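In each ligand, atom 1 is the first atom listed, and ligand 1 is the first ligand listed. The analysis underlying the following values was restricted to heavy atoms, covering all of them including side chains, and did not include hydrogens, waters or symmetry mates. All of these numbers come straight from a predicted model, not from anything done at the bench.
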Amino acid sequence: VVVSVISIGNELLNGDTLNTNLVYLGQRLADAGIPLQREFCVPDEPAAIRAALHDARAHSEVVITIGGLGPTSDDLTRAVVAADLGLELREDPRVAAAIRAYLARRGVTVPTEAVRLQALVPRSAEVLDNPNGTAPGLWCELPGPALVVMLPGPPSEFCPMVDAAFLPRLLRRQPATQARSRVVRVAGLGESHVEARDVQTLSGLAGIEVAYCARPGCVTVRLSAPQHPEALDAAEERLRTAFADLALPAACQTPAEHVAILLRGRGLTLATAESCTGGLIASVATDIPGSSDWFAGAVVAYANAWKENLLGVRPQTLAEHGAVSVPVVREMLAGLHERFHVAAAIAVSGIAGPAGGTPQKPVGTVVLGISVPGSVELANLSFPGNRRSVRERAAATAFVRLRQALLDHSQEPGP
Ligand code: ATP
Ligand code: MG
C-alpha cells in the first residue's frame with residue numbers, strides 16, 4: 001500500500017519548528033517495511049488541509065495526519081477531516097474521562113469546552129490512547145478500503161503513540177510491502193571509502209540496493225532487496241565481516257552508544273575537559289540512558305584561567321604554545337585523571353570560528369586528546385564548515401576515537 005503523511009501547522013512552514021515527527025515516522029515505517037511515499041505540509045487552514053487530504057487520498061490508501069488535534073482555535077484537523085470524510089463527530093465519554101484523569105494527574109485545569117472538543121470522535125473511528133497528553137489519535141477505516149489516521153503533533157505524544165498504538169495496528173492491518181531493510185553503521189570512515197568497500201564486498205550478490213546517510217563520525221549503510229529479500233542476511237554478514245571493528249554493533253545507533261557499552265563492560269569511567277565544544281561531548285554522553293554508570297563528569301574550561309584553575313594546565317604551557325595546542329590538551333587530560341580518578345578521558349581545544357583563526361591555526365583547527373588504559377593519543381585535526389559544524393564534528397570525532405582506542409586496548413587492565 002502507498003502511505004502518505006500530511007503535516008499540519010503554520011509553525012512547520014514558517015521556520016519555527018523542524019518537522020521531526022516526519023523523520024521519526026519515516027524511519028519507523030521504513031524499518032517496518034511499509035515505506036512512506038509522500039508528504040504534504042500545510043498551514044492551519046481548512047482549505048489547505050482539505051486539498052492535501054484529497055491529493056493524498058487520490059494517491060494513497062493510507063493517509064496519516066500529524067498535528068492540529070488540540071483545543072485551540074488553530075487546531076482544525078479533527079473537524080475538517082471528519083467533515084470531509086462525511087463522518088459525524090460525537091463526544092466519547094471514555095475519552096473525556098481519560099482527558100480529565102490526565103489533567104488531574106498533572107494538577108492542571110482547563111475549560112470544559114477544551115475537554116469536550118478533544119473528546120470528539122468521528123463515527124466508527126477507533127481511539128488510540130494518548131497516555132502523554134490529552135488529544136487521542138483517531139483511526140478511521142473507510143470503504144475502499146482506505147485508512148485515515150489522525151495523530152497529535154507534540155513529539156512527546158506523537159512518537160510514543162506511533163510505537164505503542166499506530167505501528168502495531170498498521171502491521172496487523174497489512175503485511176509489509178517491502179522486505180525490511182538492514183542497516184550497518186560504520187564509524188570513522190568517509191562515505192566514499194565506505195561505498196568503495198561496499199561495492200567490492202557485495203559484488204556478485206544480485207538485487208541488493210544500497211543507500212548511504214553520512215553523519216559526522218558515522219556512515220549508515222542501508223541495505224534493501226525488494227526482489228530478493230532472502231539475500232539480505234548474506235549481504236549484511238559480508239559487510240559486517242568486511243568492516244570488522246569499524247562496524248557498530250547492530251544495537252548501537254551512534255559511536256557514543258558503543259562507547260557506553262565498552263566502558264560499562266570493562267567497568268571504566270570517563271571524564272571530559274572541553275573548551276571549544278563547551279560541554280557538547282558531555283551532553284552527548286549524558287543523553288545516553290544509564291550514563292551515570294560510566295560518565296563521571298566534565299569541566300568546561302573556556303577561558304585560559306579556568307584551564308589553569310580547574311585542570312591544572314601550567315601558565316607557561318599556555319603562554320608558550322597557545323590554548324589550541326598538543327601540550328595544553330595533554331595537560332588537560334592529565335588534569336582530568338588527577339581530579340576525577342577516571343580511566344578514560346577526552347580533552348578538546350579548538351578554534352570554532354568565525355573569528356580567532358590565524359595562518360598557523362585556521363578556523364576549524366581542533367586538538368583532541370583521548371586517553372584509555374594503555375594509551376594516550378593526541379591529534380591535531382582540521383574540520384570544515386561553520387562554528388556549529390566544527391563543534392559537532394569535534395564531539396563526534398571524540399567518540400569515534402575513544403571507541404577505537406577502547407577496542408585497540410581492550411586487554412589493558414583498568415584502574
Ligand atoms: P496540542 O494539544 O498540543 O495542541 P496538537 O495535536 O494540536 O496538540 P499542534 O498544535 O499541531 O498539535 O502542535 C503542538 C506542538 O507540537 C507544537 O509545539 C508544534 O510545534 C509541535 N509539532 C507539531 N507538529 C510537529 C511535527 N510534525 N514535528 C515536530 N513538532 C511538531
Ligand atoms: Mg495545537
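Taking all heavy atoms of Cys159, Gly67, Pro154 into account, the minimum distance to atom 3 (O) of ligand 1 is reached by Pro154. When Asn21, Leu18, Asp75 are ranked by how near their heavy atoms come to atom 25 (C) of ligand 1, first place goes to Asn21. Nearest-residue assignment for atom 11 (O) of ligand 1 (options Pro152, Gly70, Gly153, Gly68; heavy-atom criterion): Gly68.
Residue contact annotation: Pro155 has a non-hydrogen atom under 4.0 Å from ligand 1. Thr20 counts as a contact of ligand 1, since one of its heavy atoms falls under 4.0 Å from the ligand. Not a single heavy atom of Gly9 sits under 4.0 Å from any atom of ligand 1. The shortest separation from a heavy atom of Asn19 to ligand 1 is under 4.0 Å, placing the residue in contact.
Residues Phe340 and Val299 form a side-chain contact, since some pair of their non-hydrogen atoms from C-beta on lies under 4.5 Å apart. Counting only heavy atoms from C-beta outward, the side chains of Arg185 and Gln253 approach each other to under 4.5 Å. With a 4.5 Å cut-off on side-chain heavy atoms, Asp31 and Arg222 count as touching. Using a 4.5 Å heavy-atom cutoff, the side chains of Leu87 and Leu142 are in contact. Proximity of Val372 to Gln404: side-chain heavy atoms (C-beta onward) are nowhere separated by under 4.5 Å.
When only interatomic distances are considered, the shortest N/O to N/O separation between Thr72 and ligand 1 does not fall below 3.5 Å.
Environment of CD in Glu230: crowded, with over 12 heavy atoms of neighbouring residues, nucleotides or ligands closer than 6.0 Å.
Under 3.5 Å, the side chains of Glu274 and Thr272 contain a donor-acceptor pair of N or O atoms.
Near Leu12, meaning under 4.0 Å from any of its heavy atoms, are these atoms of ligand 1: 25 (C), 26 (C), 27 (N). Interface atoms of ligand 1 facing Leu69, defined by a heavy-atom separation under 4.0 Å, are 5 (P), 6 (O), 7 (O).
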